There are 2 protein chains.
Amino acid sequence: MRITIKDIARLAGVSPATVSKIINNYSDVGEATKQKVLSIMEETGYRPTHSAQSLATKKSNLIGVIFAGKINVDINDPFFVDIVNSFKKTVGSLGYDLLFFSNEKFQATDDDYLARCRYYQVDGCIIISGDELQPSIIELDRSEIPCIGVDLVLSGERSGYLMTDNYKVSSKVIEHFYLLGHRSIAHIGGKKGSPISDMRYNGFIRALGEYGLPIIEEYIIRGDSFKEQSGYNVMKKLLSLPEVPKAVYAASDLMAFGAIRAIKEAGLRIPEDIAIVGCDDLDACRYIDPPLTTISQDKEKMGKLAAYMLSDIIEKNLGTSSLFVEPELIVRKTCGAYIKDF
Amino acid sequence: MRITIKDIARLAGVSPATVSKIINNYSDVGEATKQKVLSIMEETGYRPTHSAQSLATKKSNLIGVIFAGKINVDINDPFFVDIVNSFKKTVGSLGYDLLFFSNEKFQATDDDYLARCRYYQVDGCIIISGDELQPSIIELDRSEIPCIGVDLVLSGERSGYLMTDNYKVSSKVIEHFYLLGHRSIAHIGGKKGSPISDMRYNGFIRALGEYGLPIIEEYIIRGDSFKEQSGYNVMKKLLSLPEVPKAVYAASDLMAFGAIRAIKEAGLRIPEDIAIVGCDDLDACRYIDPPLTTISQDKEKMGKLAAYMLSDIIEKNLGTSSLFVEPELIVRKTCGAYIKDF
DNA sequence: CTGAAAGCGCTTACAG
DNA sequence: CTGAAAGCGCTTACAG
């Protein structure tokens, strides 16, 4: 039924071995035979079969995509999707296709990623973190499978990772507020214990020091998630203080949205009464009223870097490396600064 | 190196054939041998290899995911992602994993989807439309590969499709406006020629008839895309009319966002001066000011249905079938109707 | 209930 | 420059 390498060989009057060499671009093949075989492959529309190639070579040209953590089930997280989109383009041009693991399958061992990677013989993996990690990710990190973590520190021999410089995220916010004349800055932090939110929190404290700004205990409150409601709740507390802060830095856009809702409910104006900046640069930032000033991660670049780093590990057997990507301040209207060159 | 079925057989003192039968749940195996083999597999952590299984059975347990059309390169479209997310869960529980094709690869023949499906021996495909179709999708539809189209009419022997009932989308909007007392309704249409936008347009015209409402030529303008700017431009035209419409139905949320911008710039109020409803229920609808009333597609259900339809075609060899999913009106604040039971 | 043997479609030393 | 042969790790009639 299916047309195989044997058929091509017969049609061209050569051996399957020779056809194989031509498919794989070996140099030691006669130009004449090469052309003949090539044209027959063309005519017949022949294509090799992945499983046969994979079985023989132990390579699959497949990259596994894993969204680690409890949030695992959902691949529609905007951050995840943007990274993967960019990653896919680059890795695609390098000759790989993407395999998304269904978490619903190998449930037996609570998500045995390593087993699945071996099952499919993936050449490598990209693991994007969703904060709460499973042990099976650690197992995968330590294995022979090349891995690259995004927002996730990996330390295996054939692993690498990258993330936005989250300290810089906070210091850019502080700098912005500082230049605008603010000296007392509040922070709506993300959940304590989440690596990303901890980095932003610590970055905030550190930046305060660098700019000689006071750390005001009552102004620093951490929510229980990155969600809208959490930001709303924290802002309510801030609003109930004897002296309401005039500048607040929310660790996520969603929290900033919640804070904006609370501020409006309190009858206060943004940015006149309270200036606010978020974090993530969701699409909705442009549509909310007023449009939210925020920090953007260069997801395009991150996906691309992840692709190249992974391919370096796979092909050149490079060891662990890590990269920190520069974040960018996006000035919109929640801080009263309209000048673009901030 | 890798532990194989032969090792297990040797360790258990049986033949590879017997181990294979146990792996594949054949019934004609002695209980005693079965238990022994099972425990050895457990101890050794043995897992079969995908490529070997696939080569022998000609099945891959892989479903190809294709985002058809020119927009192809980007998988971060919210509609696409939500559908795929739901699809993935269901199809995952059915034992399949997802393969995302890189468009950058087989560029030779402008995206030879069929060839790629055969190369990977995918068991089936889900094709989500991005309006502008490539010929290679048609080729795939006509092939032996089971396909299910989302927002895309497929007619192959082993194909099926589903989409939201886009006529109903429009009639629900008209009904809402009608109940609110509006009799002259404007339409900011999507690009002419795009199947989805045409259905919404035609549904609009038809619903007008059903409610005995007039078709006002000047009030019906189609944009050149579903984008924000396009909605802005069309709304400007509407605003320049001698009699400005008081109710407008935009064929996409993004267009509605653009229209809102134009309305605000003109110094008019929403919904007091102009009521507006969008289409898609993007996240941003909740954050824009005022929150946008819109029509939501049941993406969760659509993904699930797509999964079951596809698996029916694959396993039961079922023929073509098509499904139309009921859309839902989400009442927010752009029409002046706050009552939930609309 | 169990196993020997052939086959799935390719690749890779190796010999010539 | 070319080909015969063995091997990759499974499965599937078929025979017993």
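Quick caveat, the model's predicted, so the values are computed rather than measured. Quick note on labels: first sequence line is chain A, next is B, and so on, each numbered from 1.
- For Lys59(B) and dG9(D), the NZ to P distance is 23 Å, given to the nearest whole Å.
- Nucleic acid contact class of Ser51(B) (heavy atoms, under 4.0 Å, all strands): none.
- In this structure, CD1 of Ile8(A) is placed 18 Å from C1' of dT2(D), rounded to the nearest angstrom.
- OP1 or OP2 of dG3(C) has at least one side-chain nitrogen or oxygen of Ser15(B) nearer than 4.0 Å.
- With contacts defined as side-chain heavy-atom distances shorter than 4.5 Å, the pair Asn61(B)/Asp97(B) does not qualify.
- Atom CG of Asp28(A) and atom P of dT12(C) are 12 Å apart (whole Å).
- Distance Ile22(A) CD1 to dT12(C) P: 15 Å, rounded to the nearest Å.
- In this structure, Glu300(B) and Ser86(B) approach most closely via the heavy-atom pair O-OG, 2.5 Å.
- Atom CD1 of Ile5(B) is separated from atom P of dA4(C) by 14 Å (rounded to the nearest Å).
- The side chain of Lys21(A) sits closest to dA13(C) out of dT2(C), dA13(C), dC10(C).
- Counting any heavy atom pair closer than 4.0 Å across all strands shown, Lys58(A) reaches sugar-phosphate atoms only and no base atom.
- Residues Lys59(A) and Ser54(A) approach most closely at O-OG, 3.0 Å, considering heavy atoms.
- Among the atoms of the strands shown, only primed sugar atoms or phosphate atoms (P, OP1, OP2) are found under 4.0 Å from some heavy atom of Thr33(B).
- Closest to the side chain of Leu55(A), from the set dT11(D), dG9(D), dC10(C), is dG9(D).
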TODO: Tell me, with the steps shown, if Thr18(A) and Ser15(A) meet side chain to side chain donor-acceptor pair (under 3.5 Å).
DONE: CA-CA 5 Å; Thr18(A) 301; Ser15(A) 75; 3.2 Å; yes
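- The interatomic distance linking Tyr120(A) (OH) with dG9(D) (P) rounds to 18 Å, in whole Å.
- With distances taken from any side-chain atom of Val14(A) to the nucleotides dG3(D), dG9(C), dC10(D), the minimum falls on dG3(D).
- Between Phe324(A) and Tyr161(A), the ring-plane angle classifies as perpendicular under the 30° and 60° cut-offs.
- Taking the side chain of Thr49(B) as heavy atoms from C-beta on, and the options dG3(D), dG9(D), dT12(D), the nearest nucleotide is dG9(D).
- The side chain of Ser20(B) lies closest to dT11(D) when the candidates are dG3(D), dT11(D), dG3(C).
- In the set dC10(C), dC8(C), dT11(D), dT11(D) carries the atom at the smallest distance from any side-chain atom of Gln53(B).
- Projected onto DNA chain C by closest heavy-atom contact, Ala17(B) and Ala56(B) fall at different nucleotides, the more 5' of which corresponds to Ala17(B).
- Between the OH atom of Tyr46(A) and the C1' atom of dC10(C) there is a distance of 7 Å, rounded to whole Å.
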